[in-house]
Amino acid sequence: MRHADCGEHLSYSSAERGDPATAWQLAHTAIAHAGPDRRARSWMSARAAEEAAQLGERAAALSELENALKLGSDLPQPTPEDDTLPWTRCFDTKLLAAMTANVHGRLGDARAAMDAAEWAMRSLGHEQVKTRAIVLAEVACAAARVGQVDLVAQTAFEAAELADALEVTLARRKLRRLIPLLAPYRASVAARRVIERLDGQ
């Protein structure tokens, strides 16, 4: 399972470096190394879908996303007593919903992106935990991709506060992506406020 763990981290690192092709390949390869663990396989499939969508590979992105949803749409919430792997504990249906929104956002499917974002927001509880920061950051990115600036503002500020308070590296990475995504909306006061808040992330 260590191979899947490495693939997940390397996939995010490649995306951070602006190399979605490698990020897609690493995430896709990690699926095969995740063994029978549905949570790990679903997460890696969702990651592969995100990066395929980033490359404009629509059919591949939707295929990877379909696999992620098939594996993960009914995942139980991890508990301290179960055998969930430590590196997958933050992945649940809420994060899957948010990643689904981001895939559709990258593909330019505004309605599907907002439907998935609403699913993610409905699924969120009120716990101030790391997963909440990641989900909110993911939804903010999806919303920015389809021009829903009000939803960006609604989610990005809380995500940033949680990311700082809980030291959530993954949420911080996602929030940094918001700045260029919001560049076309700088005329909006809400967009400018979000950019100003994130400039120091």
Side-chain angles (χ1 to χ4, degrees), residues 11-21 23-24 46-47 49-58 61-62 65 90-201:
S11 173
Y12 279 116
S13 296
S14 295
E16 190 79 4
R17 293 195 306 271
D19 186 0
W24 174 17
R47 280 291 302 127
E50 285 187 318
E51 299 307 331
Q54 185 67 23
L55 289 165
E57 297 287 349
R58 183 180 188 84
L62 293 177
L65 182 60
C90 72
F91 185 80
D92 56 15
T93 54
K94 298 185 289 294
L95 183 51
L96 177 56
M99 294 177 79
T100 299
N102 213 355
V103 171
H104 289 303
R106 292 180 187 208
L107 292 173
D109 296 337
R111 183 66 267 164
M114 289 301 93
D115 285 347
E118 288 170 12
W119 170 27
M121 297 296 286
R122 285 196 309 271
S123 302
L124 276 180
H126 298 287
E127 303 88 353
Q128 301 298 294
V129 294
K130 291 184 177 183
T131 301
R132 183 179 181 86
I134 299 168
V135 169
L136 290 171
E138 195 86 60
V139 169
C141 288
R145 292 178 189 281
V146 295
Q148 297 293 319
V149 177
D150 288 343
L151 182 56
V152 175
Q154 178 187 337
T155 52
F157 286 108
E158 184 180 353
E161 293 302 316
L162 285 171
D164 288 345
L166 302 176
E167 298 185 357
V168 190
T169 302
L170 183 52
R172 285 174 172 161
R173 285 177 178 170
K174 292 179 181 299
L175 289 168
R176 280 197 295 270
R177 293 184 181 183
L178 269 179
I179 297 174
L181 292 175
L182 288 174
Y185 308 104
R186 280 185 177 272
S188 160
V189 172
R192 288 200 304 273
R193 287 182 58 235
V194 172
I195 292 169
E196 288 167 5
R197 170 63 180 85
L198 298 181
D199 259 334
Q201 282 287 115

Under the rule for salt bridge (charged side-chain N to carboxylate O under 4.0 Å, His left out), what residues qualify as partners of Glu167, not counting sequence neighbours? none

Atom CG of Leu65 and atom CG of Leu107: how far apart are they, to the nearest 0.5 Å? 8.5 Å

Which pair of heavy atoms, one from Thr100 and one from Ala116, lies closest together, and at what distance? CG2-CB, 3.8 Å

To the closest 0.5 Å, what do you measure between CG (Leu170) and NZ (Lys130)? 10.5 Å

If every non-hydrogen atom of Ala101 is compared with every non-hydrogen atom of Ala117, which pair is closest and at what distance? CB-N, 3.6 Å

Residue pair Asp115 / His104, side-chain heavy-atom distance below 4.5 Å: no

Atom pair CZ/CG of Arg177 and Leu182 - distance to nearest 0.5 Å: 14.0 Å

Test of understanding: with salt bridge (charged side-chain N to carboxylate O under 4.0 Å, His left out), list the residues that count as partners of Arg192, not counting sequence neighbours. none

Side-chain contact test, heavy atoms from C-beta onward, threshold under 4.5 Å: evaluate it for Arg193 versus Phe157 and give yes or no. yes

Where do Val194 and Arg197 land on the side chain to side chain contact (heavy atoms under 4.5 Å, CB included) test, with the steps shown first? CA-CA 5 Å; Val194 172; Arg197 170 63 180 85; 5.7 Å; no

Show the nearest heavy-atom pair for residues Ala133 and Ala159, with the distance to one decimal. O-CB, 3.7 Å

Rounding to 0.5 Å, atoms CD (Glu196) and CD1 (Ile179) come to a distance of 11.0 Å

Who pairs with Glu51 by salt bridge (charged side-chain N to carboxylate O under 4.0 Å, His left out), at least two apart in sequence or on another chain? Arg47, Arg106

Does Asp164 reach the side chain of Arg172, with side-chain heavy atoms less than 4.5 Å apart? yes

Shortest non-hydrogen contact between Leu96 and Phe91, atoms and distance: CB-CZ, 3.8 Å

Any chance you could lay out the salt bridge (charged side-chain N to carboxylate O under 4.0 Å, His left out) test for Arg111 and Glu118, step after step, and finish with the verdict? CA-CA 11 Å; Arg111 183 66 267 164; Glu118 288 170 12; 3.6 Å; yes

For Leu124 versus Lys94, what's the shortest heavy-atom pair and its separation? CA-CD, 3.6 Å

Closest non-hydrogen atoms of Ala153 and Ala190, given as atom of the first, atom of the second and distance, are CB-CB, 4.2 Å

With a cut-off of 3.5 Å and sequence neighbours excluded, list every side-chain donor-acceptor pair involving residues 136-149.
residue : atom : partner : partner atom : Å
Glu138  : OE1  : Lys174  : NZ           : 2.8
Glu138  : OE2  : Asn102  : ND2          : 2.4
Arg145  : NE   : Asn102  : OD1          : 3.0

Can you name the residues that form a salt bridge (charged side-chain N to carboxylate O under 4.0 Å, His left out) with Asp150, not counting sequence neighbours? none

With Gln128 via side-chain hydrogen bond (donor to acceptor under 3.5 Å, both in side chains) - residues at least two apart: none

Kindly determine whether Ile134 and Val168 satisfy side chain to side chain contact (heavy atoms under 4.5 Å, CB included), including the steps that lead there. CA-CA 8 Å; Ile134 299 168; Val168 190; 3.7 Å; yes

Indicate yes or no: at least one non-hydrogen side-chain atom of Arg132 is less than 4.5 angstrom from one of Val129. yes

